[in-house]
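For reference, the structure discussed in these notes is given below.
Each chain gets a letter, A, B and so on, in the order the sequences are listed, and its residues count up from 1. Values reported hereafter were calculated over all heavy atoms of this structure, with side chains retained and with hydrogens, waters and symmetry mates removed.
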Amino acid sequence: MDDQLIEATPSNFIRNIISADLSAGRNRSIVTRFPPEPNGYLHIGHAKSICLNFGLARDYAGCCHLRFDDTNPAKEEVEYEESIKRDVAWLGFDWGEHLYYASDYYEKFYECAEALISAGKAYVDSQSAEEMRQRRGTLTEPGVASPYRDRSSAESLDLFRRMRAGEFADGTHILRARIDMAAPNINLRDPALYRIKKTEHHRTGAAWCIYPMYDFAHPISDALEGVTHSICTLEFEDHRPLYDWVIDNLTLPARPRQYEFARLNLTYTVMSKRKLLELVSDGHVAGWDDPRLPTLSGLRRRGYPPAAVRTFCERIGVGRNDNWIDMSVLEDCVREELNDTAPRVMAVLRPLKVVIENYPEGEVEAMEVANHPANPDFGVRTVPFGREIYIEQEDFAEEPPKGFFRLAPGKEVRLRNAYFITCTAVVRDPASGAIVELRCSYDPASRGGSSPDGRKVKGTIHWVSARDSVTAEVRLYDRLFSVPQPGVGKEVDYLQQLNPHSVEILRDCRCEPGLAAADPSLRYQFERQGYFCLDAASAAGLPVFNRIATLRDSWSKSG
RNA sequence: UGGGGCGUCGCCAAGCGGUAAGGCACCGGAUUUUGAUUCCGGCAUUCCCAGGUUCGAUCCCUGGCGCCCCAGCCA
C-alpha cells in the first residue's frame, strides 16, 4: 500500500483492524470475499460492499473472492449469476481465479453436519415449523426444548442420512444445532442447520434434497477458502456468535473473523430487494436497468461512469452508524469524473428558431470548436453555422427578469463559438400568440465570439444550425422519489412518494450533426445542459440520449 | 420491561487522554466565450445529556435519553 493510497483512502475501523492484524502477525496476508446470493440484481449498496472487499484486497496486497452464496435453490437462478458477474466487472474489479460457489462445498457441508451430530452438537428435530416457532420463546422469554432434543447421536445420524437419501417430505425433519434454548440471543436457540427441500438447484441439479442454512454454510465456506476477514452488514451482528460456534466446533483449515458495517441508504431512492422488485414487477419503472433505479445495471444504462461509483464508495466511508447519504454526494462524484472526461458538444433540447436577417442567405460557415475548454488533447471539431439556427427556448425572455443575461428584445448575446447576435423582433403564432421565431441581426466582426472593439457581452448561449442539425430524443431523468427518505415514518407507503416527474421525454431535440454518429461508449457534455449518453433504444437516424446529470446551475437556484 | 449495536456541523466522516481532519451541502468573492469548470474565503470554544476520574476527556467510569437490529425450515 503506497502513501498515495493511504492518503486517498479514508481510514475506517476495518482498515484499522486489518492493519493491526497484519502488524501483530495474526495474518500474513488477507483474504476477503464478496458473497452475493444469486437471487436478484446488484444495487449501489452492493457496490459499497464490493468496493470495500476488493479495495481492501487491493490495498493490502491480498485477494478477494467472488463467491455465490447459493444455498437456497428455491430463489436462485443462473441468470442472476451472470448479471452479478457483469456488474462486478463493470465496477472495475477482477476476481481472477477466485470464483467460488457455496454449492461446490455441499459435500463438505454434509460431512461437517455429520461430524456435529456424532459429537452430540447437532440433532435431527421432527417438529413442524409451527411447533418450532412456538417453542422458540420470545424476545423476553426463553425457548422450550424440543421433545426430540435428546435423541441419540446414532438416531439423529440415521435420520439425517435418510433425509439426504430423500426418504422424507419437506418440513418433516430438520437438523438443528444443540446450543441453548434459553439463550438471550435468539440465534443461539438451537438454530436450523439443514432443511429438506426437494427442489432442483441451478448448479447441482437433483443431486441434493437437503440444503444448508446460511449460518451453517457461510462460516464453513469462509474457512475453506482461507478468508481472513469476513465482512458483512450490521444485521448479521447477532449471528456472529453462531458463526464462531460453527467454526469452533468443527475442524477447519482456517479461523476467519466476521466484521460488520452499516449498509448504505441513499436519499430519494430505495435499496431493499423487495421494494426494487416491486417497482420493477409492478411497472413503476421500465425494468431492472431503468436509469432511475439505483441498481448497477440502472446506473450503467444511465451513463454513470464506474469510476464515479468507486469514488462515491470511497467518499462515503465505512462505519457502523445508520446513515442516509445525500444523493448530491453521488451526483458530485459523477460530475467530477465527467467534467474531466466528457467531450463537449452542442444540442438544443427545446428549440426556438432564430433567423439572422443580415446573414447571407444560403451561406454556411464551418466554425472551429474546441472539444474540451480546459484540455487541448480533446482536439477540435467543426460545427456548421447558417442563417437559420435553433436556440434553447429558455435562453430567450420577452420580459427578462432581473439578472437575466441571455437573449431578450433589443439585447445582444454571444452564440458560443460563433457570433454576437441582437434580437430585433419576435414572431408569434397569430392564433395562439405563442412565440414561434426570433428575428436577429449579427455582428460579422464578432466571428468566433469576440468583437474587435472589445465590447463585453455577458451572456453566451448554445445553438445548432437549423438546416445542418439532427433530430434526437432526449430523456431527462430526475430523482425517483419526491421525498428524501421514501417509506420512512409511520403509515407511509413509499409508492405514494414516487416522483411523478422522474422522467421527461423530449422528442424533437436538435443536435449538432456529429451526434448522428454518437459514440455509444462516450459520455458527452451538452454544453450548459448536462452530461448525456446514447441509450440502447437509439435507432438508425434517431439517436436517443439519457441525461446522466445536470450541470450545476447557480442561476436557477437563485431564481 | 431479553440480547446486540449506534449517537462528533444540515448529510456522511476522521479522531483511540493533550486541547475538533476531510468530503457533500450551504454562503460569500475572483476568474470565465458553458450562469459550468477553476480559484480563494466562511461554515462545531464543541463532540446526545448529566455526573465522576484526571493538570487536562469527544476519547476512561457511572447514570440517563434517543435511534437501529433480532422471535425464516431467507440471506
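Between A:Ser446 and A:Glu141, the residue anchored closer to the 5' end of RNA chain B is A:Glu141, taking for each the nucleotide with the nearest heavy atom. Nucleotides of RNA chain B nearest to A:Thr267 and A:Ala129 differ in position, and the one nearer the 5' end is that of A:Thr267.
In this structure, A:Phe68 has its ring center closer than 6.0 angstrom to the ring center of A:Tyr101. Centroid-to-centroid, the aromatic rings of A:Phe236 and A:Tyr214 come within less than 6.0 Å. In this structure, A:Phe13 has its ring center at least 6.0 angstrom away from the ring center of A:Phe261. If you look at A:Tyr243 and A:His239, their ring centroids are not closer than 6.0 Å.
Backbone-only engagement by A:Met213 is indicated by non-hydrogen atom pairs under 4.0 Å involving sugar-phosphate atoms exclusively. In this structure, A:Asn16 reaches the bases: a heavy-atom distance under 4.0 Å links it to at least one base atom across the strands shown. Nucleic acid contact for A:Val457: none, since no nucleic acid atom lies under 4.0 Å from a heavy atom of the residue. Across all strands shown, A:Pro373 has heavy atoms under 4.0 Å from base atoms, whether or not it also approaches the sugar-phosphate. Nucleic acid contact for A:Gly403: base, since at least one base atom lies under 4.0 Å from a heavy atom of the residue. Base contact: A:Leu139 has a heavy atom under 4.0 Å from a base atom. Base engagement by A:Phe404 is indicated by at least one non-hydrogen atom pair under 4.0 Å involving a base atom. A:Arg344 comes within 4.0 angstrom of a base, heavy atoms only.
Under the Watson-Crick and G-U wobble criteria, each requiring two contacts below 3.5 Å, nucleotide B:rC47 is left unpaired. Nucleotide B:rG18 has B:rC55 as its partner under the Watson-Crick or G-U criteria, with both atom distances under 3.5 Å. In this structure, B:rU38 and B:rA30 make a Watson-Crick or G-U wobble pair, each of the two defining distances being under 3.5 angstrom. In a base pair of the Watson-Crick type (N1 to N3 plus N6-O4 or O6-N4) or a G-U wobble (N1-O2 and O6-N3), with each distance short of 3.5 Å, B:rC65 is matched with B:rG7.
Of the candidate nucleotides B:rG35, B:rC12, B:rC74, B:rG35 has the atom lying nearest to any side-chain atom of A:Trp555. Minimum atom distance to the side chain of A:Thr460 is reached by B:rU34, of the listed B:rG5, B:rC74, B:rU34. Checking B:rC12, B:rC73, B:rA36 against the side-chain heavy atoms of A:Ile174 singles out B:rC73 as nearest. Across B:rC6, B:rC12, B:rG35, the shortest atom-to-atom separation from the side chain of A:Arg320 is found for B:rC6. For A:Gln525, the listed nucleotide lying nearest its side chain is B:rU34; candidates were B:rC12, B:rA14, B:rU34. Proximity note for A:Arg136 (side chain, C-beta onward) versus B:rA36, B:rG72, B:rA75: the nearest is B:rG72.
A cation-pi geometry, defined here as NZ or CZ lying under 6.0 Å from the six-membered ring centre and within 45° of its normal, does not hold between A:Arg33 and A:Tyr100.
We find that CD of A:Glu237 is positioned 11 Å from C1' of B:rC70, with the value rounded to whole Å. Atom CZ of A:Arg315 and atom C1' of B:rA21 are 16 Å apart (whole Å). Across the protein-nucleic acid pair, A:Met327 atom CE and B:rA25 atom C1' stand 15 Å apart, rounded to whole Å. Whole-Å rounding puts the A:Asp332 CG to B:rC12 C1' distance at 13 Å. With rounding to whole Å, A:Arg552 atom CZ is found 12 Å from B:rC26 atom C1'. Taking atom CZ of A:Phe13 as the reference point, atom P of B:rC16 lies 17 Å away to the nearest angstrom. Rounded to whole Å, atom C1' of B:rG5 lies 12 Å from atom CD of A:Glu235. Following rounding to the nearest Å, A:Phe405 (CZ) and B:rU34 (P) show an atom-to-atom distance of 10 Å.
Atom OH of residue A:Tyr211 and atom NZ of residue A:Lys197 lie 9.5 Å apart, to the nearest 0.5 angstrom.
The base of B:rU37 has none of its N or O atoms less than 3.5 Å from a complementary donor or acceptor on the side chain of A:Arg335. Applying the 3.5 Å distance criterion, the base of B:rA36 shares no donor-acceptor pair with the side chain of A:His462. In terms of polar N and O atoms assigned as donor or acceptor, the side chain of A:Arg406 comes within less than 3.5 Å of the base of B:rG35 in a complementary pairing. For B:rG7, its base never sits under 3.5 Å from the side chain of A:Asn321 at any donor and acceptor pair.
For A:Tyr419, the ring pair (Phe, Tyr, Trp, His ring centres under 6.0 Å) criterion is met by A:Phe385, A:Tyr442, not counting sequence neighbours.
B:rU45 and B:rG66 have their P atoms separated by 26 Å, with the value rounded to a whole Å. Annotation: B:rC59 and B:rA20 have their P atoms spaced 14 Å apart (nearest Å). Nucleotides B:rC43 and B:rG35 are separated by 24 Å at their C1' atoms, to the nearest Å. To the nearest whole angstrom, the two P atoms, one in B:rC40 and one in B:rG4, are 50 Å apart. Nucleotides B:rU58 and B:rC9, compared at atom C1', are 14 Å apart to the nearest Å. The separation of B:rG23 from B:rA14, taken at their P atoms, amounts to 15 Å, rounded to a whole angstrom. Here the separation of B:rA21 from B:rG15, taken at their C1' atoms, is 8 Å to the nearest Å. Rounded to whole Å, the C1' atom of B:rA44 lies 32 Å from the corresponding atom of B:rA36.
With hydrogens and angles ignored, the 3.5 Å screen pairs a side-chain donor or acceptor of A:Arg523 with a backbone N or O of A:Gly303.
Residues from residues 73-81 of chain A lying near RNA chain B, meaning a heavy-atom separation below 4.0 Å, are A:Lys75 in numerical order.
Ring planes of A:Phe481 and A:Tyr494: tilted class, angle from 30 to 60°.
Comment: A:Glu167 does not engage A:Arg161 in a salt bridge, judged by the lack of any side-chain N to carboxylate O separation of less than 4.0 angstrom.
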* Asked: So A:Glu237 and A:Arg320, salt bridge (Lys or Arg N to Asp or Glu O under 4.0 Å) or not? Walk me through it.
  -> CA-CA 11 Å; A:Glu237 185 156 25; A:Arg320 293 171 65 88; 2.5 Å; yes

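One finds a side-chain N or O of A:Ser11 lying less than 4.0 angstrom from the OP1 or OP2 phosphate oxygen of B:rG15.
Look at B:rG64: its glycosidic torsion is beyond 90° from 0, and that puts it in the anti range.
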